[in-house]
Novice: 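If you scroll down you'll find the structure; I have some questions about it.
Just so you know, ligand 1 is whichever comes first in the structure, and atom 1 is the first atom listed for that ligand.
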Amino acid sequence: MDIDDFKRSLILREQDLTEQISRLNGEARESNSAEVEDPADEAASDEGKATALEESTRLSATLKQVQDALTRIEDGSYGRCIDCGREIEAARLSAVPWTPYCLADQEQHDRRDAQAMGSTL
Ligand SMILES: [Zn+2]
C-alpha cells in the first residue's frame, strides 16, 4: 500500500469537497434572499434550498472523514479500522480511501444508523 498515493487523492478530495460545499452554501443563501412573488416559485425555491443544504450536510460529513483520514496518515494509524484495529481491506481503501472502518464494522455502523433512523419515524 502506497500511503503517498492515498494522501494525494485524499487532499484532492478535500479540496473538491470544500469547493462543492461553499458552492452549495452559496446557492442556499441566494435562493433565501431571492425575491419571489409567485407562491409556486417560492415553493420551488424553498425546495432547491433544502436540497442544497441537505447535499452540503452530506458532503460536510464526507469532508470530515477525509480530514480524519489525513490525520491518521500523519499519526501512522491510517489503514487500520478505528473500531477493531484490524487492517482495512486494500480493495475497500482503494474504493473509499477515507473510510475509518473495515467492511464488517462498516456494516455494523450502517445497521445501527438504519435502526436509529427507523426509530425516529
Ligand atoms: Zn473493524
Novice: Could you tell me whether the side chains of Gln108 and Arg112 share a donor-acceptor contact shorter than 3.5 Å?
Specialist: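 Yes.
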Novice: Among the clusters formed by ILVMFWY side chains lying less than 4.5 Å apart, do Ile82 and Ile73 turn up in the same one?
Specialist: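 Result: no, two separate clusters.
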Novice: Decide, yes or no, whether a salt bridge links Glu54 with Arg58 under the criterion of side-chain N to carboxylate O below 4.0 Å.
Specialist: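 Salt bridge between Glu54 and Arg58, a charged N being under 4.0 Å from a carboxylate O: no.
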Novice: Using a distance threshold of 2.8 Å, what protein N/O/S atoms lie below it relative to the Zn ion (ligand 1)?
Specialist: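 Within the sphere that stays under 2.8 Å of the Zn ion (ligand 1), the protein atoms of type N, O or S are Cys81 SG, Cys84 SG, Cys102 SG, Asp105 OD2.
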Novice: Quick check for you: to the nearest 0.5 Å, what is the distance between Ile21 atom CD1 and Ser56 atom OG?
Specialist: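 These two atoms lie 5.5 Å from each other.
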Novice: Do side-chain atoms of Arg13 reach the backbone of Leu63 as a donor and acceptor pair under 3.5 angstrom?
Specialist: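 No, Arg13 side chain to Leu63 backbone: no donor-acceptor pair under 3.5 Å.
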Novice: Tell me, which pairs form a salt bridge (charged side-chain N to carboxylate O under 4.0 Å, His left out) where one or both residues lie in residues 63-75, sequence neighbours left out?
Specialist: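 The answer is Lys7-Glu74, Lys64-Asp68.
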